[in-house]
Protein chains: 2
Amino acid sequence: MADSAIQIGELSRRTGCNIETIRYYERIGLMPAPPRRGRYRSYGADDVGRLGFVRRARELGFTLDEVRALLGLAVGGNASCAEVRNLAASHLKDVRARIADLKRMERVLADSVRDCDAGQDPGCPLLDALGAAARVA
Amino acid sequence: MADSAIQIGELSRRTGCNIETIRYYERIGLMPAPPRRGRYRSYGADDVGRLGFVRRARELGFTLDEVRALLGLAVGGNASCAEVRNLAASHLKDVRARIADLKRMERVLADSVRDCDAGQDPGCPLLDALGAAARVA
DNA sequence: GCTTGAGTCTGTAGTCGCTACAGATCGTAT
DNA sequence: ATACGATCTGTAGCGACTACAGACTCAAGC
């Protein structure tokens with residue numbers, strides 16, 4: 001592999017990951033501390049790959065701890081595919097639960113806004129939904 | 001109104017709000033500092049109502065700043081119903097955006113898990129989705 | 001009267017995943 | 001020589017809690 005060393009700014013550009021975030025990942029051990037050219041961090045193709053992986057996993061909503069686990073499994077070769085699957089499946093459950101939560105919120109909010117637009121209510125439909133009226137000091 | 005003074009533990013029980021959280025709300029000015037009986041906080045029916053309101057608004061996903069605004073509007077009477085409506089509508093937009101985000105995640109995750117269960121793939125479908133393979137060091 | 005236990009008090013620090021500085025230093029172009 | 005941009009370290013802030021430690025108060029039981 002030729003001399004493909006890049007600085008942190010270029011790594012940031014290539015991965016779409018904020019510079020401060022890259023240094024943060026290094027601090028918490030998610031990215032390895034790269035060698036230095038002078039005092040500047042010097043990254044290679046591996047780092048671009050690894051950081052891209054982290055970023056995509058984050059976009060799928062994995063926590064940093066989960067990303068750490070995924071990275072460990074990814075390095076271990078595809079023997080660990082079943083473990084990856086389980087991690088993903090459990091995360092998927094989380095995501096679905098969050099969607100369900102948000103949908104419940106959505107329904108109540110949408111109903112209140114609709115009732116408000118209808119303007120029949122004597123009070124305020126949303127405040128009523130929140131149990132306001134006489135109860136709030 | 002008779003002597004319905006309660007302590008923080010009872011307020012917590014009645015609203016389902018953690019004691020530490022109640023004190024936190026007081027610190028940030030979301031709940032008023034109640035009078036003391038000795039050195040213990042002494043709450044009344046108003047506080048139960050107000051804290052219940054806060055809790056329900058939080059359950060609908062409003063931020064504490066939004067809750068603060070809602071509380072202000074709730075106190076002002078229903079003259080401010082339009083403002084409440086706008087706050088809710090803008091929050092609803094947020095909620096819907098978050099749902100859309102999560103659904104995108106859900107789709108990718110579900111696909112990967114399904115592919116993994118099919119077990120046709122030479123590598124690991126999820127790791128592939130993350131762009132792993134040769135790219136992760 | 002004395003102890004025990006539950007409840008409450010204050011103050012501070014931790015969580016997660018960044019983000020935003022301040023102030024120093026480095027490397028290059030003019 | 002100097003200006004400019006990129007990078008460096010270290011620290012503090014966000015939101016919304018949560019989790020202590022260590023002191024205190026209060027009522028009941030023996």
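Not measured: the values here are computed from a predicted model. Chain naming here is simple, since letters A, B, ... match the order of the sequence lines and numbering starts at 1 in each.
Sorted by residue number, the members of residues 14-23 of chain B with any non-hydrogen atom under 4.0 Å from DNA chain C read B:I19, B:R23.
Under 4.0 angstrom from either OP1 or OP2 of D:dT9 there lies at least one side-chain N or O belonging to A:R36. Taking side-chain N and O atoms only, A:R39 has a distance below 4.0 Å to OP1 or OP2 of C:dC26. Distances shorter than 4.0 Å separate some side-chain N or O of A:R41 from OP1 or OP2 on D:dC8.
Note that CZ of A:F62 is 5.0 Å distant from CG of B:L126, once rounded to the nearest 0.5 Å. To the nearest 0.5 angstrom, A:H91 atom NE2 is 5.0 Å from B:L109 atom CG. With rounding to the nearest 0.5 Å, the separation of CG in B:D115 from SG in B:C124 is 10.0 Å. Once rounded to the nearest 0.5 Å, the distance linking CD1 of A:I19 with CD1 of A:I8 reads 5.5 Å.
Checked for salt-bridge contact, A:R114 and A:D117 miss the test: no charged N lies under 4.0 Å from a carboxylate O. Remark: A:D47 does not engage A:R50 in a salt bridge, criterion side-chain N to carboxylate O under 4.0 Å.
Each end of the helix from C:dG1-D:dC30 to C:dT30-D:dA1 yields a helix axis from five base pairs, and these two axes differ in direction by 30° (to the nearest 10 degrees).
Taking atom CD on B:Q7 and atom P on D:dC26, their separation rounds to 9 Å, with Å as the unit. One interatomic measurement links the two molecules: CD of A:E26 to C1' of C:dC18, which rounds to 16 Å at whole-angstrom precision. Whole-Å rounding puts the A:M31 CE to C:dC18 C1' distance at 16 Å. Protein atom CD1 of B:I8 is 13 Å distant from nucleotide atom P of C:dG7, rounded to whole Å.
With B:D101 as reference, B:R104 is the one residue of B:K103, B:R104, B:R98 to meet the side chain to side chain donor-acceptor pair (under 3.5 Å) rule.
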N/O contacts under 3.5 Å, protein versus nucleotides 12-16 of chain D?
unit_1	atom_1	unit_2	atom_2	d
D:dA16	OP2	B:L64	N	3.3
D:dA16	O3'	B:R58	NH2	3.4

Check nucleotides 4-6 of chain C for protein N or O atoms closer than 3.5 Å to its own N or O atoms and list the pairs.
none

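Proximity of a side-chain donor or acceptor of A:R37 to a complementary backbone N or O of A:Y40 within less than 3.5 Å is not detected. At distances below 3.5 Å, at least one donor-acceptor pair connects side-chain atoms of B:S12 with backbone N or O atoms of B:C17.
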Report task. Any chance you could lay out the side-chain contact (heavy atoms from CB on, under 4.5 Å) test for B:L87 and B:L73, step after step, and finish with the verdict? Result -> CA-CA 10 Å; B:L87 234 169; B:L73 295 171; 4.3 Å; yes

Report task. Start with the C-alpha distance between B:I6 and B:V48, add both sets of side-chain angles, then the distance that settles side-chain contact (heavy atoms from CB on, under 4.5 Å), and finish with yes or no. Result -> CA-CA 10 Å; B:I6 55 172; B:V48 178; 3.9 Å; yes

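Pairs passing the side chain to side chain donor-acceptor pair (under 3.5 Å) check and including a residue from residues 14-29 of chain B, sequence neighbours excluded, read B:E10-B:R14, B:E26-B:R41.
By the salt bridge (Lys or Arg N to Asp or Glu O under 4.0 Å) test, B:E66 is found to be paired with no residue, residues two or more places apart in sequence or in another chain being considered.
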